[in-house]
2 protein chains.
Amino acid sequence: MTEITPGFDFAVSIDCVLFGFDGTELKILLIERNEEPFKDWWALPGNLVDHDESVDQSAQRILKELTGLSDIYMEQYYAFGDVNRHPQGRVISVAYYAMLRLGGDKPLKPLSSYAKKAQWVNVASLPKLAFDHQNILNKGLEKIKRRIKHLPLAFELLPEKFTLTQVQSVYELILGKKLDKRNFRKKILSFKVLKELEEKQRGVSFRAATLYKFDKRKYNKLFGKEISF
Amino acid sequence: MTEITPGFDFAVSIDCVLFGFDGTELKILLIERNEEPFKDWWALPGNLVDHDESVDQSAQRILKELTGLSDIYMEQYYAFGDVNRHPQGRVISVAYYAMLRLGGDKPLKPLSSYAKKAQWVNVASLPKLAFDHQNILNKGLEKIKRRIKHLPLAFELLPEKFTLTQVQSVYELILGKKLDKRNFRKKILSFKVLKELEEKQRGVSFRAATLYKFDKRKYNKLFGKEISF
DNA sequence: ATATAACGTGTATTTTTTACACTAAGTAAT
DNA sequence: ATTACTTAGTGTAAAAAATACACGTTATAT
């Protein structure tokens with residue numbers, strides 16, 4: 001931080017890695033661009049930061065414009081600042097991730113003209129992405145791999161009521177490996193942040209599993225104690 | 001990432017949290033500003049990113065300008081983007097930390113005119129800082145607290161040859177708590193990344209401790225296995 | 001010789017992690 | 001009603017890791 005004279009010819013953008021879980025697969029939200037550069041390419045949803053909004057506010061605005069959702073917890077995880085990452089000028093991009101509850105009522109709001117459409121895409125089978133977005137996404141994946149070991153990210157991805165098997169699936173997808181069912185349940189229950197409901201899963205063609213809820217209140221009380229997978 | 005038209009009126013700066021260890025205390029490098037705004041205040045070393053250098057390159061350049069050191073591993077950890085964080089315009093600051101070996105030959109190069117002087121300051125007794133630098137620093141401290149549990153940051157702070165007690169001191173300072181000597185040694189040696197030397201500490205007025213070296217080669221082979229404190 | 005200050009070491013206990021497989025419950029088809 | 005199918009749900013023993021804890025050793029300084 002020094003003299004001010006030279007700079008002020010940068011743009012700053014936000015790119016969002018929005019994770020979703022459809023019950024089986026880990027997805028991210030991509031848009032198909034309708035403008036140059038990279039017209040017709042798939043890209044992470046993003047936008048330029050306005051002059052009078054903070055970077056965090058900008059991330060919230062962009063999320064809302066795309067999905068209609070507000071009050072979603074987004075976490076900034078890295079700033080991408082290579083000289084040639086944007087073909088039309090010097091653009092620094094600040095990347096955020098968020099975990100969204102898919103399923104049911106995802107509007108995917110009317111998009112601004114810059115995108116033809118938005119779509120949830122399986123993380124395991126992505127198209128080629130515009131700009132350095134593959135790179136941004138990879139770093140995002142790395143981050144949540146680390147953070148899901150300490151933070152209750154999985155529950156943001158799941159519906160309000162969920163089964164333990166679903167929780168396990170989320171961990172397995174993000175960590176990229178199978179976990180032992182009995183040990184997983186023992187561990188996740190040992191944190192005492194899940195509340196067992198009277199209710200069972202419905203609409204499945206086999207034995208219905210017990211539903212659980214994430215108890216935010218109890219989680220907040222853990223404070224300091226480390227959750228660790 | 002979208003249309004390009006509106007933006008390009010931002011500046012981007014780097015701020016560096018440079019940690020050092022003098023054998024007793026955890027220090028960071030501060031500069032005393034010689035220019036408005038915040039003339040005469042203490043601040044983190046930093047500077048604006050040039051138009052034709054990447055954010056990472058800029059961090060390296062700034063570090064070199066200040067300390068004469070190159071090839072120091074710096075890690076980006078957060079971008080600060082509040083609207084009013086800089087009184088003279090919209091400046092996004094990307095923060096990096098690095099661990100430096102203090103002691104002996106720290107030149108602290110001739111500073112550019114923007115700083116009157118640079119000085120290592122005990123983290124435990126900091127002056128008021130310019131801009132949002134206290135905030136930037138706090139977040140940096142949080143980050144290394146987490147990361148020192150998984151990454152060999154401590155050895156970057158220590159001289160090439162060090163005693164186990166010194167390693168323990170670094171962990172204690174960063175984690176902010178006392179550790180048990182025997183358990184600490186058992187654990188740190190269990191990772192097998194320290195090489196015991198034939199050599200002993202010199203110039204101390206009590207029993208000299210055995211010196212150790214960090215074995216980067218062995219550390220790199222751990223790959224995947226988690227070091228964890 | 002003596003005092004001093006940090007060095008260096010081991011064990012027993014508790015906690016956590018891991019490996020591992022079968023019965024129970026519900027649905028669907030015949 | 002029986003059967004076949006699919007996932008739910010559960011416990012234990014062994015191994016590994018974490019913790020708590022105290023004293024003789026060695027070098028220096030006086």
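Residue numbers start from 1 in every chain, and the chains themselves are labelled A, B, ... in the order their sequence lines are given, proteins ahead of strands. Excluded from the calculations below are hydrogen atoms, water molecules and symmetry mates; all remaining heavy atoms, backbone and side chain alike, are included. Being a predicted model, the structure only gives us computed values, none of them experimental.
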Point to revise | Partners passing ring-ring contact (aromatic ring centres under 6.0 Å, His included) against B:F214 (at least two apart in sequence or in another chain) | key: B:F155, B:Y219
Applying side-chain hydrogen bond (donor to acceptor under 3.5 Å, both in side chains), name anything that partners [X], two or more places apart in sequence or on another chain.
{"X": "A:K200", "answer": "A:T210"}
{"X": "B:N135", "answer": "none"}
{"X": "A:Y96", "answer": "A:D56"}
{"X": "B:E199", "answer": "B:K161"}

Study note, to complete from the structure: Here the pair of heavy atoms bringing A:A209 nearest to A:T163 is CB-CG2, 3.7 Å
Exercise for review: Under the side chain to side chain contact (heavy atoms under 4.5 Å, CB included) rule, collect the residues that match up with A:A130, sequence neighbours excluded.
Suggested key: A:R33, A:F38, A:W41, A:A43
Practice item. Would you please name every residue forming a side chain to side chain contact (heavy atoms under 4.5 Å, CB included) with A:P159, sequence neighbours left out? Key: none
Review point. So, does B:H150 use its side chain to make a donor-acceptor pair with the main chain of B:S228 at under 3.5 Å?
Key: no
**Study point:** Residues in contact with DNA chain C, drawn from residues 146-167 of chain A - heavy-atom cutoff 4.0 Å
**Key:** none
Revision key, fill the gap. Expected list for residues 177-190 of chain A near DNA chain C, using heavy atoms below 4.0 Å, is A:D180, A:R182, A:N183, A:K186, A:K187
Study note, to complete from the structure: Contacted region of DNA chain D by chain B, from 5' end to 3' end of the hits, cut-off under 4.0 Å to heavy atoms, spans D:dA18 to D:dA29
Exercise for review: Decide, yes or no, whether a salt bridge links B:E196 with B:K213 under the criterion of side-chain N to carboxylate O below 4.0 Å.
Suggested key: no
Exercise for review: Please check if atom CG in A:D71 has more than 12 non-hydrogen atoms from other residues, nucleotides or ligands closer than 6.0 Å.
Suggested key: no
Identify all side-chain donor-acceptor contacts of residues 167-177 of chain B below 3.5 Å with residues at least two apart in sequence or on another chain.
from   : atom 1 : to     : atom 2 : distance (Å)
B:Q168 : NE2    : B:E172 : OE2    : 3.0
B:Q168 : NE2    : B:L179 : O      : 2.8
B:S169 : OG     : B:T165 : O      : 3.0
B:E172 : OE2    : B:L179 : N      : 2.9

Revision key, fill the gap. For nucleotides 22-30 of chain C, 5' to 3', base contacts (B), sugar-phosphate-only contacts (S) and non-contacts (-) with protein non-hydrogen atoms under 4.0 Å give --BBSSS--
